[in-house]
Every structure is written in structure tokens, then in C-alpha cells.
Amino acid sequence: MRAYLSDRMGAALLMAPLLLFLVLAYAWPFLGVVKWSFTLPTPGLGQYNALLTDQLVQSVFIRTLRIAAIVTIVSVVAAYAITVVWVRGTPVQRVVAEFCILVPFWISVLTRAFGWVALLSNRGLINTWLQAVGFISEPLALVRNEFGVIVGMTHFLIPFAVFPLASSMRSLDDRVLLAARGLGSSRMRTFWSVFVPMTRSGIIGSALIVFVFSLGFFVTPAILGGGRSVMIAELIYLRIFQSPDWGLGAAISVVLVLFVGALMALLFRYIRPKQLV
Amino acid sequence: MQQPGRAAEIKAIGIGKSFGSFRALDDLTLDIGRGEFLTLLGPSGSGKTTFLMILAGFIQPTDGRLYSDGVDITERPAEQRAAGMVFQGYALFPHMSVEANIAFPLKVRKKPAAEIKRRVGEMIERVGLKGHEKKLPSQLSGGQQQRVALARALVFEPGVLLLDEPFSALDKGLRGQMQAEMKRLHQETGTTFVFVTHDQSEALALSSRVAIFNHGKLLQVGAPDEVYDRPDNRFVAEFLGEINMLPLKGVRPANNGSTGLCEDRAISMRCKAEKVRGDAILAIRPEYMSIAREAATGENGIAATAVASTYLGAATRLDLTTRQGAKVTISVPNEVAASALSKGNSVWLTWPAEKGFLLPNGGQ
Ligand SMILES: Nc1ncnc2c1ncn2[C@@H]1O[C@H](COP(=O)(O)OP(=O)(O)OP(=O)(O)O)[C@@H](O)[C@H]1O
Ligand SMILES: [Mg+2]
């Protein structure tokens with residue numbers, strides 16, 4: 001008990017500066033945003049009312065949820081495959097997988113978004129190449145739409161999905177897999193009915209992380225969506241910086257933060273923070 | 001191993017396994033009879049688990065062949081051998097209920113739902129898990145988890161059941177209970193059991209035969225009383241229980257056995273002096289030795305002095321030293337120990353001729 005307490009105390013002490021920083025840099029300004037949402041342009045619940053009726057805001061919310069859901073599914077599936085190789089592959093496979101997971105962290109999100117533009121645009125690498133080979137006559141619309149946004153976001157988020165999966169796969173007892181095989185189960189069957197269910201907490205953690213990140217994405221959708229596939233963060237930006245509609249922008253922010261908060265609460269109910277790293 | 005419901009007969013010929021330059025198993029040849037209860041016994045690192053894994057198909061041997069009912073199965077993958085296996089630590093599926101764990105091998109064999117339900121129900125009854133069907137493994141006690149592991153490994157009626165130290169995590173009382181239960185399961189199913197342990201009393205109590213391993217080598221195989229009473233070498237003799245060893249000179253064959261000199265007294269043995277000549281070691285289990293005031297001529301006996309005693313409750317452990325300094329330990333009734341010590345003078349240790357056996361002098 002004493003060890004436990006002092007452990008907690010030590011952790012609290014170590015985290016104190018971070019907490020202070022978070023309060024000063026986020027919580028305090030956010031309270032200001034909350035205030036705006038109730039006072040601008042006139043005091044009252046007017047902005048929240050507008051949220052419920054404004055068609056544009058609603059369509060952006062729905063698009064954001066849709067994109068986040070698709071990105072989550074694709075990222076988690078792809079990350080799962082990479083993580084299996086990283087955690088359970090041969091030594092060479094492990095090194096290659098680790099490289100693929102870590103390299104994206106060294107390249108800025110902006111660089112990567114423009115990289116995708118260069119690949120996907122009408123006169124980009126993919127379209128030029130496909131036309132040269134003769135597969136298509138007209139360029140495919142790969143960017144400046146939802147598809148481009150999903151590609152860019154998935155690419156960015158896969159590495160983040162890897163870590164919770166890796167920790168759940170590492171903690172899995174190999175003998176359980178051997179037992180399944182010894183009981184007559186094929187490799188495939190063992191994978192689907194033993195391996196995957198046993199990494200459930202990793203899958204949930206990884207999906208929630210990707211989903212929450214996706215909801216607040218700004219740079220990637222702004223560049224790869226080309227203004228035609230606006231997501232919620234970009235909408236907030238537009239409301240605050242381009243139209244003098246601070247109250248509505250603030251109200252959207254508040255709703256987004258509450259939603260993300262609820263998701264995080266869910267995340268920590270299902271898995272302990274230690275399992276995420 | 002291929003016909004469900006029938007006990008398998010396994011033949012291992014010259015099995016060897018190297019991990020890099022390390023030799024974990026060497027030239028192991030062993031026949032495992034149909035329906036037998038064979039125990040693999042040996043100290044830690046002697047290769048027992050490695051051999052069991054080779055039998056299960058989880059490890060490929062580097063040398064040798066493995067036959068099941070006369071068919072070469074050396075290269076057959078584990079899921080096709082379908083040996084029932086109980087792992088150390090049980091290796092239950094943590095996300096499945098007791099019922100689902102036991103049903104798993106039947107499900108992968110695509111048995112009809114009604115049959116699965118019936119057989120799982122029977123198995124649950126048989127291992128005494130009724131009322132726990134819906135629980136997850138984490139909600140069970142160690143002994144209950146053990147039963148689930150046994151039920152899961154037996155439900156598909158494998159030709160052979162492999163058990164790797166299944167009781168090592170249980171406390172002593174539960175261990176005894178599970179041992180009895182396993183013996184009953186063996187009789188009921190008639191399946192071939194191969195059981196790993198490093199507890200010699202467990203091995204002697206349970207098995208029809210015991211195979212003793214050391215440093216990756218199979219040293220001796222035989223019925224429990226055979227390996228206990230007539231070990232082939234010093235390692236087996238010492239590993240299976242306490243033993244007293246006396247140096248013996250001039251060993252030679254004699255009518256119905258052999259004879260030699262121990263501290264200038266003629267000693268006779270029933271065993272043949274085949275492997276040893278001249279100098280050897282005479283080994284006698286402590287429980288076969290007794291204390292006497294004197295030894296008659298022709299009787300096996302040696303003079304010794306009692307030096308210490310340890311009270312054990314039911315009996316007393318007595319440490320003695322012979323005239324030439326050999327140490328002997330025996331277990332005697334409490335009052336005998338008291339009188340032997342109080343006199344502080346020499347007593348005679350005697351034993352029947354059929355209870356002493358010869359071991360080669362020196363190492364193994
Ligand atoms: N995968 C492996 N790589 C290298 N060495 C191994 C491997 N598996 C086992 N060994 C070695 O082989 C030897 C035999 O191991 P094994 O697990 O069969 O012993 P054991 O008799 O089961 O011991 P214990 O009673 O401790 O379980 C050990 O020295 C072990 O270190
Ligand atoms: Mg072992």
C-alpha cells in the first residue's frame with residue numbers, strides 16, 4: 001500500500017509541470033471559448049440553437065464523422081497487419097516494419113499532405129502514369145475530394161494505431177496459440193478465433209485514438225480536400241478567421257471538445273493507459 | 001494419434017534436437033505403449049519439455065524419426081497430429097467461457113452442434129466443473145483452470161495426452177487430489193498419457209513407467225519399482241530418492257548374485273555383477289536398512305556410530321558414520337534412535353541381500 005501511494009505521489013510530482021502547462025495553454029483559453037459561445041454576438045443559447053438548424057454545420061459534422069469512421073477502419077486494419085509483422089515476424093521483417101512505422105514521424109504533416117497532392121492530382125504521378133500506360137483516358141479525381149482526404153489522413157494515422165496494437169500483441173501468451181494449434185485449429189482459424197479476440201483491447205484503443213485524432217484534423221483535409229471536403233476543424237477556422245462568426249465557431253468547438261471528451265472517457269474505461277504504449 | 005478414440009502407440013527412434021550449438025536432446029530412443037502412463041522425469045533443463053513439444057509437433061527434431069501406430073509422423077504439423085496437450089500454466093483461451101474452451105477442439109473439427117453440446121456436457125461433468133460453464137478462465141481457481149485444461153485436451157478423444165508439469169502451480173493438497181483425478185481419467189479414457197514432472201514422488205505414484213532424463217539424454221526407462229529399486233546408474237539412484245552408498249572392493253559373481261568386501265566384511269548381493277568388477281559402489285535405500293546390536297556371520301552388516309538425529313514426528317532420521325568414514329542416513333522408530341544415540345557406541349547396520357545393488361565406481 002505504501003509503495004503504491006508513493007508511486008502515485010511520485011507520478012503526480014513528475015506530472016505537475018505538465019498539468020500546469022496544460023491548464024495555462026489549453027484549459028484557460030478554452031474557458032474563454034466557452035464564454036464566447038454563450039455571449040457572441042448576443043448572450044444566450046442562440047449559437048447552440050443555430051447548430052441544430054444550420055444545414056451547412058450539420059453536413060460538415062456528418063461528413064467529419066463519416067471520414068473519421070472510414071479512416072479509423074482502414075487505419076486499424078492496415079496497422080494490424082503491420083503490427084503482426086513487427087511483433088511476430090522474422091528478425092528481418094521486424095526491422096523493415098519498424099522502419100516503416102517510425103519514418104513517418106520524421107516528416108511533417110504538411111510535407112506529407114503536399115506529397116499526396118503531387119501523387120494524386122490530375123497531373124500528378126499516378127494519373128500521368130495510368131494515362132501513359134493507357135488504362136484511363138481522363139484523369140481520375142483522386143484529390144480535392146473526400147477520397148484524397150481519407151488517403152492522406154489514413155497515411156498519417158496508421159503509425160499511431162500501431163502502438164496500442166503492438167502492446168496487446170506483445171502481452172499475448174504464445175502458449176495459448178500453440179494450444180489452439182495442438183487442438184487441431186489451422187493457422188487461419190487460430191488467427192481469427194484466438195489471436196484477434198485476444199488483442200481486442202488493443203483494437204479498441206487503437207480505433208479510439210485514430211477516431212479522436214481524425215475528428216480534429218485540420219491541415220490534411222484543408223490541403224487534400226481543397227475546400228470541397230471541409231471537416232469540422234476547418235469549419236471552426238473559417239468561422240473564426242474568415243467570417244466574423246466567433247460565437248458559432250466557439251459553439252462548434254465546445255461540442256467537439258465534449259464529444260472527444262466522452263470518447264476518451266470510454267477509452268479509459270476499456271483499457272488502462274499503460275496498455276497504450 | 002490419427003484415430004480419435006483409440007490410444008496411440010508411439011515410437012521415437014534416435015531423436016535429437018539442437019538449438020544452435022546447444023544439444024537439448026540427444027539420441028533418444030523410446031517406445032510408448034498403447035494406453036500407457038509414461039512419466040518423463042528429470043531436473044530442470046534436461047529436455048523434457050523439448051521432447052514433449054517434439055511429440056506434439058511444435059518443435060521439429062534435428063535428428064531421428066517419430067512413429068505413431070507405425071506411421072512416420074516426424075514431419076506432420078501439430079494441428080494434424082492432434083495430440084491433446086496440457087501446458088504448464090494451462091494456456092486457456094482467456095476470452096472464452098469454460099464451455100467454449102472445451103468446445104473449441106470439437107468446433108474446429110466441425111462436429112454437429114448437438115454432438116458438441118453433449119460431449120462438452122459430459123466432459124464438464126466428468127472433471128467436476130458443473131455450475132462453472134459460463135465463467136471465464138480468469139474467474140476460476142487454479143485447480144478449476146487445471147480441470148478446464150484437462151477437459152479441453154481430452155474432449156476430442158486424442159490418441160495421446162501430453163501434460164507438461166500440469167500441477168506445478170498447485171498447492172500440495174490440491175496436487176494430491178488432481179493426481180488421483182488424473183489417474184482416474186487415465187483409466188476411464190484408456191488414452192496414452194505422457195506426463196512431465198520433476199517431482200520424483202509424483203512420477204513414482206502415477207505412472208506405469210518412468211523415463212529419467214538428464215542433460216538431454218534418456219538415462220533409464222522402467223516401471224516405478226524397477227527404476228527405484230534397480231537404477232542403472234548413480235544419477236537415477238540419487239534422483240529418485242535418498243540413498244546410502246558404501247565403497248565395495250573385490251566384487252565378483254557368486255552363486256545367485258555377487259559378492260564383495262565392504263570395510264573388510266563380506267557382503268552378498270542378489271544382483272549380478274555384470275557391469276561392474278573389482279571396485280564398485282554398493283547402494284541401499286535407507287528404508288531397507290535397520291539397526292541391530294550385532295550382525296550374524298553370513299548376514300549383511302556393517303559397524304557404524306550414530307552421530308546425529310533429527311526428529312520427524314512419525315520417525316527419526318539418524319545420521320551414522322562407518323569406521324572408515326562413509327556416511328549413512330536411515331529412518332528409524334523414535335525409541336530406536338534414542339537408544340542408539342544414548343549408548344553413543346557402535347551399532348550394526350544390516351540389510352537384506354536383495355535390497356543392495358551395485359553401481360559403477362566414480363561418476364555416472
Ligand atoms: N528455443 C530454444 N532455444 C534455445 N535453447 C532452448 C530452446 N528451448 C529449450 N532450450 C534449451 O534446451 C534445454 C532443455 O529445455 P527443456 O525446456 O526441454 O527443459 P525441461 O526439462 O523441460 O526443464 P524444466 O523442468 O525447467 O521445464 C534447456 O537447457 C533450454 O535452455
Ligand atoms: Mg519444461
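All heavy atoms count here, side chains included; hydrogens, waters and symmetry mates do not. All chains are named by letter (A, B, ...) in the order of the sequence lines, taking the proteins before the strands, and each is independently numbered beginning at 1.
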With no hydrogens and no angle check, is any side-chain donor or acceptor of B:T39 less than 3.5 Å from a backbone partner on B:L41? no

Can you check whether A:F147 reaches A:I150 side chain to side chain, under 4.5 Å on heavy atoms? no

Examine whether an atom of A:S193 lies under 4.5 Å from a heavy atom of chain B, and if so say whether it belongs to the side chain, the backbone or both; otherwise answer neither. both

How would you list, in number order, the residues of residues 175-183 of chain A that have a heavy atom less than 4.5 Å from chain B? A:R175, A:V176, A:L178, A:A179, A:A180, A:R181, A:G182, A:L183

Residues 72-81 of chain A vs chain B, non-hydrogen distance cutoff under 4.5 Å, contacting residues -> none

Judged by atom type as modelled, is there a donor-acceptor pair below 3.5 Å linking the side chain of B:S97 to the main-chain atoms of B:A100? yes

How would you list, by chain and number, every residue that makes a salt bridge (Lys or Arg N to Asp or Glu O under 4.0 Å) with B:E99, sequence neighbours excluded? B:K134

Is it possible for you to check whether A:R170 lies under 6.0 Å from the centre of the six-membered ring of A:W86, through NZ or CZ, and within 45° of that ring's axis? yes

Check whether B:L92 gets within reach of chain A through its side chain, its backbone, both or neither, counting any heavy atom under 4.5 Å. backbone

Do B:R209 side-chain atoms and B:E36 backbone N/O form a donor-acceptor pair below 3.5 Å? no

Sub-4.5 Å side-chain heavy-atom contact between B:F58 and B:R81: no

Counting neighbours of OH on A:Y26 that are heavy atoms of other residues, nucleotides or ligands and sit closer than 6.0 Å, is the number greater than 12? no

A:A113: what forms a side-chain contact (heavy atoms from CB on, under 4.5 Å) with it, not counting sequence neighbours? A:I223

Measure the spacing between CD1 of B:I102 and CD of B:E122 and express it to the nearest 0.5 Å. 12.0 Å

